[in-house]
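Please read the structure below before turning to the comments.
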2 protein chains.
Amino acid sequence: MNIGQASAASGVSTKMIRYYERTGLIKSADRSAAGYRVYTKSDVHTLQFIRRARDLGFSVAQIEDLLPLWNNRERASHDVKVLAMEHVEQLCAKVAEMEAMIATLKHLAENCTDDDRPDCPILKDLAEGRHGECASPPENRFGVARVG
Amino acid sequence: MNIGQASAASGVSTKMIRYYERTGLIKSADRSAAGYRVYTKSDVHTLQFIRRARDLGFSVAQIEDLLPLWNNRERASHDVKVLAMEHVEQLCAKVAEMEAMIATLKHLAENCTDDDRPDCPILKDLAEGRHGECASPPENRFGVARVG
DNA sequence: GCTTGACCTTGCCACGGTGGGAAGGAGTAA
DNA sequence: TTACTCCTTCCCACCGTGGCAAGGTCAAGC
């Protein structure tokens with residue numbers, strides 16, 4: 001199986017397959033006489049695993065921890081759960097940050113006259129940093145936010 | 001005022017001030033005889049504006065749209081509101097994606113024995129893509145997620 | 001004066017993931 | 001043979017931020 005087929009079967013682009021190989025996330029594929037990468041069903045299975053983990057928001061670094069657990073029959077399910085819950089924590093933190101931003105912006109937008117006059121609480125807030133003089137979650141007042 | 005003072009006063013790192021200048025987000029600063037960048041209170045004001053907009057999750061590209069509106073006394077508050085609400089939409093979309101991931105992961109983790117046995121619904125799901133054979137939001141089933 | 005230390009300058013490199021594209025080889029089908 | 005698709009490697013881009021290095025400047029203290 002060439003890289004194109006492995007890509008189609010796994011949903012991981014050829015670009016990314018080569019990238020994962022280069023960075024050591026997956027082992028180097030065997031090569032045909034002509035130098036083409038050759039994949040087995042098992043390799044595709046691994047790629048699918050990676051793809052699904054990415055879809056669930058795991059970083060490549062986290063998947064690096066997940067893969068050996070997946071391959072290790074001696075693993076403790078506890079270890080996996082710890083990784084998963086750590087990831088959930090990270091996701092929740094980001095969600096909380098964004099929720100705070102959304103709340104602030106919505107509040108500002110509500111006070112916006114929304115017409116052709118130049119008075120605008122949104123710009124005013126951005127300029128003066130008062131965050132609408134009310135109701136905005138405290139995390140936002142001190143620049144903690146920034147989701148990155 | 002040198003770049004260091006402008007940085008301290010605005011909360012934007014010197015690195016980022018130079019970056020914003022290089023990429024054209026802010027105008028090139030005047031220079032002293034020795035070539036040092038020189039800033040005015042007004043420049044600091046602009047940097048604070050940028051900083052607060054970043055804290056609210058606006059991208060640099062979005063701020064590029066916001067700045068002229070801020071500087072333009074003829075602006076219509078409607079235009080600002082549109083930009084802000086577009087941004088809120090984007091934030092909401094990301095939040096929804098992440099909430100879906102969180103829900104899926106939590107559901108999987110709940111079914112985890114959380115001990116030293118190797119059976120693990122989380123890894124099983126990642127390998128087989130059934131997403132816990134229930135309850136997971138449909139968006140997740142087909143790889144739509146992936147937050148970036 | 002001279003030294004020291006804090007500050008400034010530019011430049012390059014890195015991150016995480018992903019895509020684009022070029023230049024050239026390999027395979028396959030008509 | 002030709003034509004087309006696929007493969008290879010290599011470099012470049014995004015975005016926003018930080019780090020480090022080599023060198024210039026400035027102000028304070030001796």
Side-chain angles (χ1 to χ4, degrees), chain A residues 1-26 28-39 43 47 50-66 87 90-91 94 97-98 101 143-148, chain B residues 1-26 28-39 43 47 50-66 87 90-91 94 97-98 101 143-148:
Chain A
M1 193 188 257
N2 285 342
I3 197 171
Q5 281 122 37
S7 167
S10 65
V12 179
S13 73
T14 60
K15 278 278 188 192
M16 293 315 297
I17 294 177
R18 294 195 193 97
Y19 170 76
Y20 292 149
E21 178 180 317
R22 184 157 44 86
T23 58
L25 180 65
I26 59 179
S28 292
D30 292 336
R31 301 294 183 120
S32 73
Y36 284 20
R37 287 177 181 79
V38 176
Y39 295 91
D43 294 329
L47 289 170
I50 293 169
R51 173 67 208 266
R52 295 209 182 90
R54 294 287 301 127
D55 284 347
L56 282 178
F58 286 95
S59 71
V60 172
Q62 286 170 320
I63 296 173
E64 216 155 337
D65 294 338
L66 239 26
H87 176 43
Q90 293 165 17
L91 288 175
K94 279 197 186 177
E97 283 176 10
M98 291 200 286
M101 294 178 195
V144 176
R146 180 166 299 168
V147 161
Chain B
M1 194 189 257
N2 285 342
I3 197 171
Q5 280 122 39
S7 168
S10 66
V12 179
S13 72
T14 60
K15 275 282 188 193
M16 293 315 297
I17 295 177
R18 296 195 192 98
Y19 171 75
Y20 292 149
E21 177 180 317
R22 183 158 43 87
T23 58
L25 181 65
I26 58 180
S28 292
D30 292 335
R31 301 295 183 118
S32 72
Y36 285 19
R37 287 175 181 81
V38 176
Y39 296 90
D43 295 329
L47 288 170
I50 293 169
R51 172 67 207 268
R52 295 208 183 89
R54 294 286 301 128
D55 285 347
L56 282 177
F58 285 94
S59 71
V60 172
Q62 287 169 320
I63 296 173
E64 215 155 339
D65 294 338
L66 239 27
H87 175 44
Q90 293 165 15
L91 287 175
K94 279 197 186 176
E97 285 176 10
M98 290 200 286
M101 295 177 193
V144 175
R146 180 167 297 171
V147 160

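Order of the sequence lines fixes the chain letters, A, B, ..., with proteins taken first and strands second; residue numbering starts at 1 for each chain.
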Is there a side-chain contact between [X] and [Y], using heavy atoms and a 4.5 Å cut-off?
X: Met1(B); Y: Val38(B); value: no
X: Met98(A); Y: Met98(B); value: yes
X: Ile3(A); Y: Tyr39(A); value: yes

Counterpart residues, side-chain contact (heavy atoms from CB on, under 4.5 Å), relative to Asp65(B) (two or more places apart): Leu83(B)
Between the CG atom in Asp55(B) and the CD1 atom in Ile50(B), the distance rounded to the nearest 0.5 Å is 12.0 Å
Here the gap from Glu97(A) atom CD to Leu56(B) atom CG, rounded to the nearest 0.5 Å, amounts to 12.0 Å
Ignoring backbone atoms, establish whether Tyr20(B) has a side-chain N or O less than 4.0 Å from OP1 or OP2 of dT17(D). yes
OP1 or OP2 of dT10(C) sitting under 4.0 Å from any side-chain N/O of Arg22(B)? no
Could you tell me the separation between the [atom1] atom of [X] and the [atom2] atom of [N], rounded to a whole number of Å?
X: Leu47(A); N: dT18(C); atom1: CG; atom2: P; result: 13 Å
X: Phe58(A); N: dG16(C); atom1: CZ; atom2: P; result: 17 Å
X: Ile26(B); N: dG16(D); atom1: CD1; atom2: C1'; result: 14 Å
X: Leu56(B); N: dG16(D); atom1: CG; atom2: P; result: 15 Å
X: Glu21(A); N: dT18(C); atom1: CD; atom2: C1'; result: 17 Å
X: Gln62(A); N: dC15(C); atom1: CD; atom2: P; result: 18 Å
X: Ile17(B); N: dG18(D); atom1: CD1; atom2: P; result: 11 Å
X: Tyr19(B); N: dA14(C); atom1: OH; atom2: P; result: 18 Å

What's touching nucleotides 5-9 of chain D from the protein side, N or O pairs under 3.5 Å?
{"from": "dC7(D)", "atom 1": "OP1", "to": "Ile3(A)", "atom 2": "N", "distance (Å)": "3.4"}
{"from": "dC7(D)", "atom 1": "OP1", "to": "Gly4(A)", "atom 2": "N", "distance (Å)": "2.5"}
{"from": "dT8(D)", "atom 1": "OP1", "to": "Arg37(A)", "atom 2": "N", "distance (Å)": "2.8"}
{"from": "dT8(D)", "atom 1": "OP1", "to": "Arg37(A)", "atom 2": "NH1", "distance (Å)": "2.9"}
{"from": "dT8(D)", "atom 1": "OP2", "to": "Arg18(A)", "atom 2": "NE", "distance (Å)": "3.0"}
{"from": "dT8(D)", "atom 1": "OP2", "to": "Arg18(A)", "atom 2": "NH2", "distance (Å)": "2.6"}
{"from": "dT9(D)", "atom 1": "OP1", "to": "Arg31(A)", "atom 2": "NH1", "distance (Å)": "3.4"}
{"from": "dT9(D)", "atom 1": "OP1", "to": "Arg31(A)", "atom 2": "NH2", "distance (Å)": "3.1"}
{"from": "dT9(D)", "atom 1": "OP2", "to": "Arg37(A)", "atom 2": "NH1", "distance (Å)": "3.0"}
{"from": "dT9(D)", "atom 1": "OP2", "to": "Arg37(A)", "atom 2": "NH2", "distance (Å)": "2.9"}

Listed partners of Glu21(B) passing side-chain hydrogen bond (donor to acceptor under 3.5 Å, both in side chains), at least two apart: Arg37(B)
So, using side-chain hydrogen bond (donor to acceptor under 3.5 Å, both in side chains) as the criterion, who are the partners of Gln90(B) when residues are at least two apart? Gln62(B)
Enumerate, atom names and distances included, each donor-acceptor pair closer than 3.5 Å involving a side-chain atom of residues 11-19 of chain A, sequence neighbours excluded.
{"from": "Ser13(A)", "atom 1": "OG", "to": "Met16(A)", "atom 2": "N", "distance (Å)": "3.1"}

How is Ser32(A) classified with respect to the nucleic acid when contacts are heavy atoms under 4.0 Å: base, sugar-phosphate, or nothing? nothing
When the rotation axes relating C1' atoms of four end pairs to the next four are compared across the helix from dG1(C)-dC30(D) to dA30(C)-dT1(D), five pairs an end, they differ to 10° by 30°
